[in-house]
Chemist: 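Sharing a structure below in structure tokens format, with a few things to ask.
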Amino acid sequence: MSDMNFERMIEQLTPQMYEGLKRGVELGKWPDGRALSREQRELCLEAILRFEARRNVSPEQRTGHIDRHGCGSDQHGEAQGDSIKWVN
């Protein structure tokens with residue numbers, strides 16, 4: 001798909017289509033049960049991210065957002081307390 005056609009598709013996405021793409025990426029399959037290929041999943045995720053950026057979706061609602069003001073964080077989102085030590 002050319003960049004021009006992809007951008008055009010993003011412009012025409014409805015909120016319902018956006019939600020459907022998000023669901024497909026989350027589950028790894030289309031509503032009819034067919035699995036998304038790796039390429040389809042990547043394209044859907046790119047469409048989701050571009051849609052969110054274009055529609056000014058708030059950062060808290062964007063795909064992949066991590067709430068850094070939750071448990072164990074200070075008012076600036078910095079971790080506090082004990083550190084985690086990874087052991088292989």
Side-chain angles (χ1 to χ4, degrees):
M1 176 181 296
S2 74
D3 285 338
M4 181 66 105
N5 288 338
F6 194 76
E7 288 300 320
R8 199 167 175 196
M9 181 195 72
I10 302 301
E11 289 173 12
Q12 296 175 357
L13 276 178
T14 65
Q16 294 79 15
M17 294 165 75
Y18 159 77
E19 290 297 332
L21 291 175
K22 279 180 60 172
R23 185 82 171 154
V25 169
E26 289 170 3
L27 299 176
K29 61 183 178 180
W30 297 112
D32 66 4
R34 290 179 295 134
L36 270 75
S37 69
R38 180 177 176 187
E39 182 179 358
Q40 288 172 326
R41 204 170 197 171
E42 289 172 3
L43 286 171
C44 288
L45 185 53
E46 184 175 350
I48 290 165
L49 296 174
R50 287 190 187 195
F51 177 91
E52 290 173 347
R54 217 170 254 223
R55 299 287 176 98
N56 296 320
V57 174
S58 68
E60 298 82 23
Q61 299 299 315
R62 289 187 184 173
T63 300
H65 173 74
I66 298 174
D67 182 8
R68 298 200 185 272
H69 293 91
C71 182
S73 299
D74 66 11
Q75 64 184 356
H76 302 291
E78 299 296 323
Q80 293 182 356
D82 298 333
S83 61
I84 297 174
K85 180 178 179 183
W86 295 100
V87 179
N88 291 329

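Quick caveat: nothing in here was measured; it's all calculated off a predicted structure. Along the sequence shown, residues are numbered consecutively beginning with 1.
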Chemist: Which heavy atom in Met9 sits nearest to a heavy atom in Ala47, and how many Å separate them?
Modeler: CE-CB, 4.0 Å
Chemist: Nearest 0.5 Å, please: how far is NZ in Lys22 from CE in Met17?
Modeler: 15.5 Å
Chemist: Out of curiosity, Leu49 CG to Leu21 CG, how far, rounded to the nearest 0.5 Å?
Modeler: 11.0 Å
Chemist: In the single-linkage hydrophobic clustering (I, L, V, M, F, W, Y; side-chain heavy atoms under 4.5 Å), do Leu27 and Leu43 co-cluster?
Modeler: no
Chemist: Taking all non-hydrogen atoms of both residues into account, name the closest pair between Leu36 and Cys44 and its distance.
Modeler: CD2-SG, 4.0 Å
Chemist: To the nearest 0.5 Å, what is the distance between CD on Glu26 and CG on Leu45?
Modeler: 10.5 Å
Chemist: Can you list the residues that meet the side-chain hydrogen bond (donor to acceptor under 3.5 Å, both in side chains) rule with Glu19, with sequence neighbours excluded?
Modeler: none
Chemist: So, using side-chain contact (heavy atoms from CB on, under 4.5 Å) as the criterion, who are the partners of Gln16 when residues are at least two apart?
Modeler: Thr14
Chemist: Please enumerate all residues that pass side-chain contact (heavy atoms from CB on, under 4.5 Å) together with Arg34, with sequence neighbours excluded.
Modeler: Trp30, Asp32
Chemist: Quick one: list whatever passes side-chain contact (heavy atoms from CB on, under 4.5 Å) with Arg54, sequence neighbours left out.
Modeler: Glu7, Ile10, Glu11
Chemist: Has Arg55 got more than 12 heavy atoms of other residues, nucleotides or ligands less than 6.0 Å from its CZ?
Modeler: yes
Chemist: Would you list the pairs meeting ring pair (Phe, Tyr, Trp, His ring centres under 6.0 Å) in which at least one residue belongs to residues 31-56, sequence neighbours left out?
Modeler: Tyr18-Phe51
